[in-house]
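Below is one structure, written out as structure tokens; comments come after it.
Numbering starts at 1 and runs along the sequence shown.
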Amino acid sequence: CGACIHDAEPRTRRMTLAYLRYLWAQARQSWSKRAKSPHRIPDDALRIIARELGTRRARILCLGARNRREPDFWRSEGYSEVIAVDLLPSRGVSYGDMHRLHFPDATFDLIAASHVLEHAFDPGRAIKEICRVLRPGGMLYAAWPTGPSFVRTDHDRVDHGSASQFRAYVANFCRAELLWREDAATESKALLRIR
């Protein structure tokens with residue numbers, strides 16, 4: 001994204017004022033929600049995830065985890081290779097920016113991004129990064145606010161619409177199959193297989 005990050009040495013990249021304002025808004029909101037529990041993943045989605053992963057050796061990335069509760073949940077389900085990232089690192093959560101993930105291609109079997117992708121500065125770049133670090137056939141679980149109650153702010157930037165609309169958007173960047181969906185008046189959730 002030419003408007004947000006110039007590709008140079010990762011430690012010396014320059015950022016625009018708009019991107020710095022974005023980072024400040026995200027950090028401020030993350031800090032205020034640091035102690036909050038993650039949004040619950042519905043049992044029927046969890047059953048599909050467990051069936052599709054097939055092994056407890058699957059590598060999972062918790063994107064925008066805020067605190068240890070989300071990675072701890074996956075570990076309690078028997079998965080040991082769990083990494084959590086957030087713009088504000090904390091105990092058990094490393095630094096990570098969804099626009100520039102610091103992992104090699106095809107690293108993860110599952111990315112959990114619950115109430116994260118609506119915050120993207122550049123939604124296309126974030127989805128490209130997710131597609132890049134997921135292995136072929138890997139899954140993306142995402143949840144986001146939507147509908148008439150969604151209010152665009154410096155923090156909540158993108159209404160991805162219904163699960164079908166979200167799948168169609170992701171399909172602009174990689175092949176995506178909708179495995180499971182849940183659309184409600186104020187929130188949508190989707191589980192996609194990325195090819």
Side-chain angles (χ1 to χ4, degrees), residues 1 3-5 26 38-65 70-71 73-74 77 79 81-87 96-147 150 152 156-195:
C1 146
C4 59
I5 301 173
Q26 298 309 312
H39 297 269
R40 194 178 83 64
I41 299 174
D43 290 342
D44 46 349
L46 285 173
R47 280 191 289 277
I48 294 170
I49 289 168
R51 183 185 72 227
E52 295 295 320
L53 289 178
T55 176
R56 296 299 193 224
R57 288 189 176 167
R59 297 199 72 197
I60 297 173
L61 174 63
C62 300
L63 191 59
E70 188 173 347
F73 163 78
W74 290 105
E77 292 290 310
Y79 298 97
E81 295 191 54
V82 181
I83 295 173
V85 298
D86 195 282
L87 280 172
D97 183 340
M98 72 177 110
H99 302 93
R100 190 183 191 109
L101 294 169
H102 55 273
F103 304 105
D105 296 357
T107 299
F108 296 100
D109 300 290
L110 170 69
I111 293 178
S114 183
H115 288 265
V116 174
L117 297 174
E118 69 271 17
H119 307 306
F121 182 81
D122 181 340
R125 184 170 180 143
I127 295 297
K128 285 178 193 175
E129 279 293 276
I130 287 169
C131 293
R132 181 185 67 76
V133 301
L134 270 173
R135 68 167 176 77
M139 292 178 292
L140 167 62
Y141 171 80
W144 59 93
T146 191
F150 180 86
R152 187 179 306 269
D156 289 328
R157 303 172 59 85
V158 183
D159 181 351
H160 288 288
S162 70
S164 293
Q165 289 170 314
F166 178 69
R167 190 219 58 85
Y169 182 73
V170 172
N172 289 313
F173 307 100
C174 53
R175 287 184 24 219
E177 172 190 359
L178 188 59
L179 298 176
W180 174 88
R181 67 180 287 161
E182 184 177 283
D183 291 308
T186 60
E187 177 184 52
S188 287
K189 302 170 188 171
L191 179 63
L192 304 178
R193 182 187 317 279
I194 304 299
R195 302 245 184 233

Rounded distance [0.5 Å steps], OH in Tyr141 versus CG in Leu192: 11.5 Å
Flag the pair Arg135 / Asp109 as yes when at least one side-chain heavy-atom distance between them is below 4.5 Å, and no otherwise. yes
Any side-chain heavy-atom pair of Ile49 and Trp74 under 4.5 Å: yes
Which pair of non-hydrogen atoms, one from Val170 and one from Ala176, has the smallest distance, and what is that distance? CG1-CB, 3.8 Å
Assess whether atom CZ of Arg57 is packed by more than 12 heavy atoms of other residues, nucleotides or ligands within 6.0 Å. no
Rounded to the nearest 0.5 Å, how far apart are CZ of Arg125 and CG of Asp97? 8.5 Å
Return yes if some donor-acceptor pair links the side-chain N/O of Glu118 with the main-chain N/O of Val116 below 3.5 Å, else return no. yes
Side-chain heavy atoms of Phe108 within contact of Ile83, under 4.5 Å: yes
Heavy-atom side-chain contact between Thr146 and Asp183 under 4.5 Å: no
Interatomic spacing from CG in Asp86 to CE in Met98 - rounded to 0.5 Å: 9.0 Å
Nearest heavy atoms of Gly124 and Tyr169, plus distance in Å: N-OH, 3.0 Å
Parallel, tilted or perpendicular: which fits the ring planes of Trp144 and Phe166, with parallel below 30° and perpendicular above 60°? tilted
Distance check, rounded to the nearest 0.5 Å: Leu61 atom CG versus Leu134 atom CG? 8.5 Å
Closest non-hydrogen contact found for Ala120 with Val158 is O-CG2, 4.0 Å
Is there side-chain contact between Ser164 and Leu178, with heavy atoms separated by less than 4.5 Å? yes
Taking Gln165 for its side chain and Ser162 for its backbone only, find out whether a donor-acceptor pair lies under 3.5 Å. yes
Any idea which heavy atoms bring Arg132 and Pro104 closest together, and the distance? NH1-C, 3.6 Å
Smallest heavy-atom separation, Asp122 atom then His99 atom, equals N-NE2, 3.1 Å
Regarding Thr107 and Arg59, do their side chains bring together a donor and an acceptor under 3.5 Å, going by distance alone? no
So do the side chains of Ile127 and Leu117 get within less than 4.5 Å of each other, counting heavy atoms only? yes
Please report the shortest heavy-atom distance between His115 and Pro145, naming the atom on each side. ND1-CD, 3.6 Å
With the side chain counted from C-beta on, respond yes when Cys62 and Phe73 share a heavy-atom pair under 4.5 Å apart, and no when they do not. no
Mind checking the CZ-CG spacing from Arg193 to Leu179? Nearest 0.5 Å is all I need. 5.0 Å
For a 4.5 angstrom cut-off between non-hydrogen side-chain atoms, does Ser188 reach Arg181? no
Hey, is the main chain of Pro71 close enough, under 3.5 Å, to the side chain of Tyr79 for a donor-acceptor pair? no
Could you walk me through whether Leu101 and Leu63 pass the side-chain contact (heavy atoms from CB on, under 4.5 Å) test, one step at a time? CA-CA 10 Å; Leu101 294 169; Leu63 191 59; 3.9 Å; yes
Got a second to check how far Glu177's CD is from Arg167's CZ, nearest 0.5 Å? 9.5 Å
